[in-house]
Each structure stands twice: as C-alpha cells, then as structure tokens.
Trainee: 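Below is one structure. I have some questions about it.
None of the values given here were measured: they were computed from a predicted structure.
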Amino acid sequence: MEYTHRQKGADKMYKTWHAQSGYMFIYTYSEGGSIVSREHTYPIRRGALAVVAPGKYHYTMPKDQELYERSKLFLTRDEAKLYFAPLGFFELSEKALVYAYLPESEIPSAEECLERLSVGLSDERYSSASVCEAVSRLAVLLDKY
C-alpha cells in the first residue's frame with residue numbers, strides 16, 4: 001500500500017497514458033480539468049473520487065497544474081480483495097475507472113477518511129484498523145454515488 005496525502009502541484013504523468021499494477025484511488029480537492037480513461041472523461045473537482053483498476057490506461061489533465069491537489073492510494077490486487085470482497089464490491093473494482101462526484105454533505109466524511117489514512121499509515125499501532133475502516137468507507141462512498 002502506498003499513499004500520498006494532499007499532494008499539490010504538477011502531476012508527472014500529465015496527459016500521459018499510463019497504467020499501474022494495482023488499484024489506485026484518486027480524490028481531488030481542486031477544480032478544473034479532467035480524469036480520462038479509454039472509455040470516459042470525468043471532471044476534476046473537489047469531491048471527485050475515482051478508482052482505476054490494474055492495467056487500465058488513464059491520465060489526468062488538470063486545468064492548472066500548479067494548483068492541482070489530490071490524494072492517491074495504491075492497493076495491490078491482494079489488498080483490494082481484502083478490502084472490497086467483504087463489502088461485495090470486488091466486481092465494482094474490475095471496471096476500468098469508477099468515478100463518483102460526492103455531494104457537498106459527504107465531502108467532510110471522505111476527507112476525514114483520507115486524513116485517517118495518513119495518520120493510520122504513519123502509526124503502526126493503529127495502521128490495520130484505521131486503514132481498513134478508511135478504505136472501506138471510501139469504497140462505500142464510491143458505490144453509493
């Protein structure tokens with residue numbers, strides 16, 4: 001598992017088709033531009049949450065690269081099975097790119113989960129429970145919206 005919390009600035013993969021070997025959650029805090037898969041184009045906006053499946057090509061194209069702010073969580077296939085399968089969401093994660101725009105009322109919950117991930121991954125005493133709860137909650141939000 002690899003996590004970057006509130007990364008701000010230019011994306012080194014800007015407008016470059018790429019795929020990763022695991023699953024990637026992307027949550028965007030900034031406005032403007034697009035997240036692009038081979039099948040769809042989705043807006044970059046505060047409260048956008050997406051999961052890109054392994055081996056699926058995509059790229060981001062923020063309107064203003066310097067202001068582009070996002071959190072990214074990378075999960076291996078085994079980690080994804082661990083978190084998604086008990087929730088019945090594993091089939092959801094097999095789509096190329098699953099995108100949800102969260103309503104304003106859910107944004108604080110999503111951002112709290114991302115903050116918990118940051119804390120949980122930096123403190124081994126809470127890592128397992130905190131990470132499991134946060135990833136599960138993000139999956140539920142993604143499925144709901």
Side-chain angles (χ1 to χ4, degrees), residues 1-102 106-107 109-124 126-145:
M1 180 176 306
E2 189 180 317
Y3 181 61
T4 55
H5 186 62
R6 295 197 80 131
Q7 180 182 26
K8 190 172 185 178
D11 188 337
K12 65 181 179 181
M13 300 305 285
Y14 174 75
K15 281 190 172 179
T16 303
W17 287 106
H18 63 285
Q20 62 280 335
S21 60
Y23 293 87
M24 179 177 66
F25 274 91
I26 304 170
Y27 178 84
T28 56
Y29 300 88
S30 54
E31 299 280 337
S34 303
I35 299 171
V36 181
S37 74
R38 297 260 187 218
E39 297 83 16
H40 300 284
T41 300
Y42 299 100
I44 291 174
R45 44 194 314 195
R46 182 171 177 250
L49 176 63
V51 171
V52 182
K56 303 299 182 181
Y57 284 88
H58 66 284
Y59 67 87
T60 55
M61 189 174 59
K63 184 176 178 180
D64 186 334
Q65 288 191 69
E66 297 308 313
L67 296 178
Y68 180 43
E69 187 173 2
R70 67 274 184 201
S71 288
K72 292 182 186 177
L73 173 66
F74 295 92
L75 301 172
T76 65
R77 289 175 190 265
D78 289 340
E79 289 167 334
K81 284 180 187 176
L82 175 72
Y83 297 121
F84 296 155
L87 300 170
F89 297 153
F90 198 72
E91 64 282 353
L92 171 78
S93 65
E94 291 303 308
K95 296 179 183 175
L97 192 149
V98 179
Y99 175 95
Y101 175 63
L102 304 179
E106 294 283 18
I107 289 174
S109 177
E111 292 181 3
E112 181 184 337
C113 288
L114 295 162
E115 189 66 38
R116 266 195 246 136
L117 272 174
S118 183
V119 171
L121 290 171
S122 65
D123 188 336
E124 289 183 22
Y126 305 109
S127 181
S128 182
S130 179
V131 168
C132 185
E133 178 189 5
V135 172
S136 296
R137 179 67 182 137
L138 290 171
V140 167
L141 286 170
L142 190 64
D143 184 59
K144 187 175 178 180
Y145 298 103

Trainee: Return the CD to OG1 distance between Gln20 and Thr76, rounded to the nearest 0.5 Å.
Mentor: 12.0 Å
Trainee: Looking at every non-hydrogen atom in both residues, tell me the closest pair between Ser21 and Pro54 and how far apart they are.
Mentor: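 Closest approach of Ser21 to Pro54, heavy atoms only: O-CB, 3.2 Å.
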Trainee: Find the distance between CD (Glu111) and NE2 (His5) and round it off to the nearest 0.5 Å.
Mentor: 8.5 Å
Trainee: Could you walk me through whether Glu133 and Arg137 satisfy the salt bridge (Lys or Arg N to Asp or Glu O under 4.0 Å) test, starting with their C-alpha distance in whole Å, then the side-chain angles of each, then the deciding distance to 0.1 Å, before giving a yes or no?
Mentor: CA-CA 6 Å; Glu133 178 189 5; Arg137 179 67 182 137; over 6 Å; no
Trainee: Do other residues, nucleotides or ligands put more than 12 heavy atoms under 6.0 Å from Tyr57 OH?
Mentor: no
Trainee: What's the shortest heavy-atom distance between Tyr27 and Ala110, and which atoms?
Mentor: CE1-CB, 4.0 Å
Trainee: Would Glu39 and Lys56 satisfy salt bridge (Lys or Arg N to Asp or Glu O under 4.0 Å), going step by step from the backbone distance to the final call?
Mentor: CA-CA 10 Å; Glu39 297 83 16; Lys56 303 299 182 181; over 6 Å; no
Trainee: Within a strict 4.5 Å, meaning less than it, do heavy atoms of the Leu138 and Leu117 side chains meet?
Mentor: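 Yes. Closest side-chain heavy atoms under 4.5 Å.
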Trainee: Between Thr28 and Arg70 (side chain of the first, backbone of the second, donor and acceptor by atom type, cut-off under 3.5 Å), is there such a pair?
Mentor: no
Trainee: Determine the minimum heavy-atom distance between Pro43 and Ala48, stating which atoms define it.
Mentor: O-CB, 4.1 Å
Trainee: Mind running side-chain contact (heavy atoms from CB on, under 4.5 Å) on Arg77 and Tyr23 for me, showing each step along the way?
Mentor: CA-CA 7 Å; Arg77 289 175 190 265; Tyr23 293 87; 4.2 Å; yes
Trainee: Rounded to the nearest 0.5 Å, what's the gap from CG on Leu75 to NZ on Lys81? Could you check?
Mentor: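 Answer for the CG-NZ pair, Leu75 versus Lys81, is 13.0 Å.
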Trainee: Just how far is it from atom SG of Cys113 to atom CG of Leu73, taken to the nearest 0.5 Å?
Mentor: 11.0 Å
Trainee: Can you check side-chain contact (heavy atoms from CB on, under 4.5 Å) on Tyr3 and Leu114, steps first, answer last?
Mentor: CA-CA 9 Å; Tyr3 181 61; Leu114 295 162; 3.3 Å; yes
Trainee: Decide yes or no for His40 and Tyr99: does some side-chain heavy atom of the first lie under 4.5 Å from some side-chain heavy atom of the second?
Mentor: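 Counting from C-beta outward, His40 and Tyr99 never come under 4.5 Å.
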Trainee: Minimum heavy-atom separation for Ala19 and Gly55, please, with both atom names.
Mentor: CB-C, 3.7 Å
Trainee: Quick one: closest heavy-atom pair of Leu141 and Ser109, and the distance?
Mentor: CD1-OG, 4.3 Å
Trainee: NZ of Lys8 to CG of Leu67: how many Å apart, nearest 0.5 Å?
Mentor: 5.5 Å
Trainee: Supply the atom-to-atom distance Ile26 CD1 to Thr4 OG1, rounded to the nearest 0.5 angstrom.
Mentor: 9.5 Å
Trainee: Tell me, with the steps shown, if Ile44 and Lys63 meet side-chain contact (heavy atoms from CB on, under 4.5 Å).
Mentor: CA-CA 9 Å; Ile44 291 174; Lys63 184 176 178 180; over 6 Å; no
Trainee: Please test Arg46 against Glu31 for salt bridge (Lys or Arg N to Asp or Glu O under 4.0 Å), starting from the C-alpha separation and ending with a verdict.
Mentor: CA-CA 6 Å; Arg46 182 171 177 250; Glu31 299 280 337; over 6 Å; no
Trainee: Residues in ring-ring contact (aromatic ring centres under 6.0 Å, His included) with Tyr145, at least two apart?
Mentor: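 Listed in chain order: nothing, the list is empty.
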Trainee: Check Arg116, Met1, Glu79 against Val131 for a side chain to side chain contact (heavy atoms under 4.5 Å, CB included) and give me the one that passes.
Mentor: Met1
Trainee: State, to 0.1 Å, how close Tyr59 and Lys15 come at their nearest heavy-atom pair, and which atoms those are.
Mentor: CD1-CA, 3.5 Å
Trainee: Going by heavy atoms in the side chains, are His58 and His18 under 4.5 Å from each other?
Mentor: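 The answer is yes; the side chains approach within 4.5 Å.
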Trainee: Take Thr16 and Asp11, measure what side-chain contact (heavy atoms from CB on, under 4.5 Å) needs, and give me the verdict at the end.
Mentor: CA-CA 10 Å; Thr16 303; Asp11 188 337; over 6 Å; no
Trainee: Establish, from distance only, whether the side-chain atoms of Tyr29 and Ser71 form a donor-acceptor pair under 3.5 Å.
Mentor: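 Per modelled atom types, Tyr29 and Ser71 side chains form a pair under 3.5 Å.
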